[in-house]
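In what follows, a structure is listed as structure tokens, so that the remarks can point back to it.
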Number of protein chains: 2
Amino acid sequence: MAEDGPLKMADVARLAKVSMSTVSRALADNPLIPEDRRREIQRIAAEAGYVINQSARSLRMRKTQTIGVVFPLGHDVGQLISDPFFIEMFGRLADEITTRGYQVLLCRVTDTSEGWLNRIIQSHRQDGLVIVGQSDQHEALNQAAGSYHPLVVWGGHLNGQTYCSVGTDNIGGARRAVDHLLGLGRKRIAFLGMLELPEISLRYEGYVRALRAAGIEQDPALVIPAHFSFETAYEAARELIESGTEFDAIFATSDIIALAAIQALAAAGMDVPGQVSVVGFDDIAIAAQSTPPLTSVQQDLAKGAKTIVDLLFKRMAGEDAPSATLLPKLVVRKSCGGTSAG
Amino acid sequence: MAEDGPLKMADVARLAKVSMSTVSRALADNPLIPEDRRREIQRIAAEAGYVINQSARSLRMRKTQTIGVVFPLGHDVGQLISDPFFIEMFGRLADEITTRGYQVLLCRVTDTSEGWLNRIIQSHRQDGLVIVGQSDQHEALNQAAGSYHPLVVWGGHLNGQTYCSVGTDNIGGARRAVDHLLGLGRKRIAFLGMLELPEISLRYEGYVRALRAAGIEQDPALVIPAHFSFETAYEAARELIESGTEFDAIFATSDIIALAAIQALAAAGMDVPGQVSVVGFDDIAIAAQSTPPLTSVQQDLAKGAKTIVDLLFKRMAGEDAPSATLLPKLVVRKSCGGTSAG
DNA sequence: CTTGCTTTTGCAATCGATTGCGGTAGCGTT
DNA sequence: AACGCTACCGCAATCGATTGCAAAAGCAAG
């Protein structure tokens, strides 16, 4: 009834007039304790407002019922986890994880000095890890995966990769987007994104392949480094416009970059899709709502998150789950002209 | 060097040829150990890839270096934390918390049965709690606050509230928004939101006061229940439109609701802001990007999050921090016609 | 070589649960 | 009544760190 002092299992044992062992087993629904007694003890514990101390439990059981979700920000100094894509991914992951009765621990990594991943792993704060985005930490991930199994990465599938990853077919997605632009008669297609990031570099590969297949020579002046934040992307687009380089389409490697580019174009008095077609990547919620609505390569995050967590739990159970690739879908809207469905 | 077996403090002690006590103190930078020896032990530990087991540490120290962030979803069956407002708040809170060297544990509460908050508190998984949104749990919060101090709530300031809360002046914000609409000559202003939620009910209070001050009689037919999700809000707006009730403005209690309303109006062939002025609440990032750009009551989330965490840490230190109220700002854009700054 | 003081060090208890294993109670047979 | 068998129960060790307290070591002065 009264619940001022945080009461321990021993207190419940006293109340129920049994030993701690029995209480522990009863609360764990261990059939070693007869059913009616189990219920009785559970009732007493609940009534007393008793809750198992998770720190003690974690120590003894060597598991925490917690999954760590890590956002390596090594490549970007901006601290805030603000990108809508990451945010949505996080929400979906959280859903999948909590549904399975686990807690979600957010690990925002800013200090990617030697051994950062090992420090997280060895802290034993979580039973498994999801790493969202490889950032520039491919090597560190490869190394950690050698000895730590319950780890799944969202990102591109790279050469010589030993860790388990889930991600969209970046090359294929990009290829499809650029093919679509080419199909509309566009020939001078700018590429906006940070080639240093593995996923982006794969998208670049798709871009190059599409151009090559169409027999179009690629122009380095059309490849523009652009970070993920709206402001920096806007700046990058503005510079492209002011450089005087001719272009009639933009393949942006994220929707945020695409939206920033559209705004920059509008500010420069250029019509989208009249003069310039724009395609984004991710198909975040705003994409459909923007003006004009954005054509984008859709990543199925719901499925992605589910796959990640499925694989993670398999690995936590000792099974050896392989990487998975999701198929992207081009969602055609007004931002690139034309009207065919993709 | 080799780091296959998860090594413990005892192992490091052996390596450094000292006792565990000394290692523990050295790693904690305890001045009881001479500086040079401290450094030496730290070096040895780091080289061996040793990391303190947090479960054990938490148990012994009775603190976890973790803050729980709770989203009570009692009022809404939709599981996903998808509302951009909550998402942004979460990101900012995470920033503030990690900056202070604490971890963030996400608690998505779906089971708000008797004692849910107590179960979280007594689990001892965290050293402090941030509750984002009161949902319909005012009573539970009030009760918990009696015995549990390190707890801060984002939400409205209610009568008879004993817990510490941080929130925007909802009444004032709503008042300003509606006054603005009235100033534009609008007289039939619809209110879209869930009155069951404390914050929304405060905004309703502001709405009522504004109307009363302007000598306009309020019409119950103009008060429409609308959830936070885009789809349900769209539906609510559509029903308002189809009901035939006359109206020339909408005060939406969130930007998502406002955006949904604008789409519904557009679908019905009604011009915004020509026929109907729309004002939202929160001023989320998309608000400025929508068509037409949305007038909205801005909540300063960066400041809000900082205030919440500041207060929480004060409370964790045993001080008694009082509730705080933030001043909202009306950001005027095209969605309500007119051009004056608010 | 003592003595007295300061600086370091380590023993052992502790945090609050879980669980292997040995012991007891209860019941049915002979 | 004695025995055997199951079904329950609880003792005590354990998880891996932290820390009060006492002991040891170092050092200077007498």
Side-chain angles (χ1 to χ4, degrees), chain A residues 3 5-42 44-46 48-66 103 119 121-127, chain B residues 3 5-42 44-46 48-66 103 119 121-127:
Chain A
E3 39 171 292
L7 65 177
K8 324 189 286 181
M9 193 174 275
D11 301 323
V12 177
R14 206 167 306 126
L15 284 175
K17 298 191 205 312
V18 292
S19 74
M20 261 177 66
S21 322
T22 303
V23 175
S24 175
R25 286 193 258 255
L27 295 183
D29 252 336
N30 187 326
L32 221 53
I33 310 294
E35 171 124 10
D36 47 351
R37 179 174 288 251
R38 246 183 287 162
R39 299 244 176 288
E40 174 66 4
I41 294 178
Q42 287 166 4
I44 292 177
Y50 170 74
V51 180
I52 292 180
N53 180 318
Q54 291 299 333
S55 294
R57 179 169 222 269
S58 299
L59 174 59
R60 178 61 225 242
M61 314 236 337
R62 296 153 147 282
K63 48 181 233 153
T64 57
Q65 290 280 323
T66 300
Q103 303 282 313
R119 277 197 293 280
I121 293 172
Q122 299 299 335
S123 76
H124 288 270
R125 246 191 260 258
Q126 67 287 315
D127 300 340
Chain B
E3 40 172 294
L7 65 180
K8 325 189 285 183
M9 191 174 277
D11 300 323
V12 177
R14 207 167 306 125
L15 283 174
K17 301 191 203 310
V18 292
S19 74
M20 260 178 66
S21 324
T22 303
V23 174
S24 175
R25 285 193 260 254
L27 294 183
D29 253 336
N30 187 325
L32 222 52
I33 310 295
E35 172 124 8
D36 47 352
R37 180 171 287 253
R38 244 184 287 162
R39 299 246 177 288
E40 174 67 4
I41 294 178
Q42 286 167 7
I44 291 176
Y50 170 74
V51 181
I52 293 179
N53 180 317
Q54 292 298 333
S55 294
R57 181 170 220 269
S58 298
L59 173 59
R60 176 61 224 240
M61 312 242 327
R62 296 154 146 282
K63 47 180 233 156
T64 57
Q65 290 281 321
T66 299
Q103 303 283 314
R119 277 197 293 281
I121 292 172
Q122 299 297 336
S123 77
H124 288 272
R125 245 192 261 258
Q126 68 287 313
D127 300 340

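Heavy atoms only: backbone and side chains are in, while hydrogens, waters and symmetry mates are out. Here is how names work: the chains are called A, B, and so on, in the same order as the sequence lines, proteins then strands, and each is numbered from 1.
A donor and an acceptor atom, one from each side chain of A:Ser55 and A:Ser58, are nowhere located under 3.5 Å apart.
Between the side chain of B:Ser21 and the base of C:dC11, a donor-acceptor pair under 3.5 Å is found.
Among C:dA17, C:dG10, D:dG10, the nucleotide with an atom closest to any side-chain atom of A:Ile52 is C:dA17. Among the nucleotides D:dG10, D:dT18, C:dG16, the one closest to any side-chain atom of A:Arg25 is D:dG10. Checked against D:dA17, D:dC9, D:dT19, the side chain of B:Arg57 finds its nearest nucleotide in D:dA17.
Side-chain N or O atoms of B:Arg38 include one that pairs as donor or acceptor with a backbone N or O of B:Ile33 at under 3.5 Å. With B:Gln103 contributing its side chain and B:Gln65 its backbone, the two residues share no donor-acceptor pair below 3.5 Å.
Regarding B:Met20, its CE atom lies at a distance of 13 Å from the C1' atom of C:dC15, rounded to whole Å. Straight-line distance from the CZ atom of A:Arg125 to the C1' atom of D:dA17: 14 Å, rounded to whole Å. Distance, B:Gln122 CD to C:dA17 P: 11 Å, rounded to whole Å. Distance A:Leu27 CG to C:dG16 C1': 13 Å, rounded to the nearest Å. In this structure, NZ of B:Lys63 is placed 22 Å from P of C:dT14, rounded to the nearest angstrom. Remark: P of D:dA7 and CD of A:Glu35 are 16 Å apart, rounded to the nearest angstrom. Going from atom CG of B:Asn30 over to atom C1' of D:dA17 covers 15 Å, rounded to whole Å. Atom pair B:Leu7:CG and D:dG16:C1' shows a separation of 12 Å (rounding to whole Å applied).
In this structure, B:Tyr50 does not reach the D:dG16 phosphate: none of its side-chain N or O atoms is under 4.0 Å from OP1 or OP2. OP1 or OP2 of D:dG10 sits under 4.0 Å from a side-chain N or O of A:Ser19.
If B:Leu59 and B:Ile33 are placed on DNA chain C by their nearest nucleotide, the residue sitting closer to the 5' end is B:Ile33. For B:Arg60 and B:Arg37, each mapped to the nucleotide of DNA chain C holding its nearest heavy atom, the one lying further toward the 5' end belongs to B:Arg37. Where B:Val51 and B:Leu32 meet DNA chain D, the nucleotide closest to each residue was compared, and B:Val51 sits on the side nearer the 5' end.
In this structure, B:Ser24 reaches the bases: a heavy-atom distance under 4.0 Å links it to at least one base atom across the strands shown.
When all heavy atoms of B:Thr64 and B:Gln126 are compared, the pair lying nearest together is OG1-CA, 3.3 Å. Residues B:Leu15 and B:Ala48 come closest through the heavy atom pair CD1-CB, 4.0 Å.
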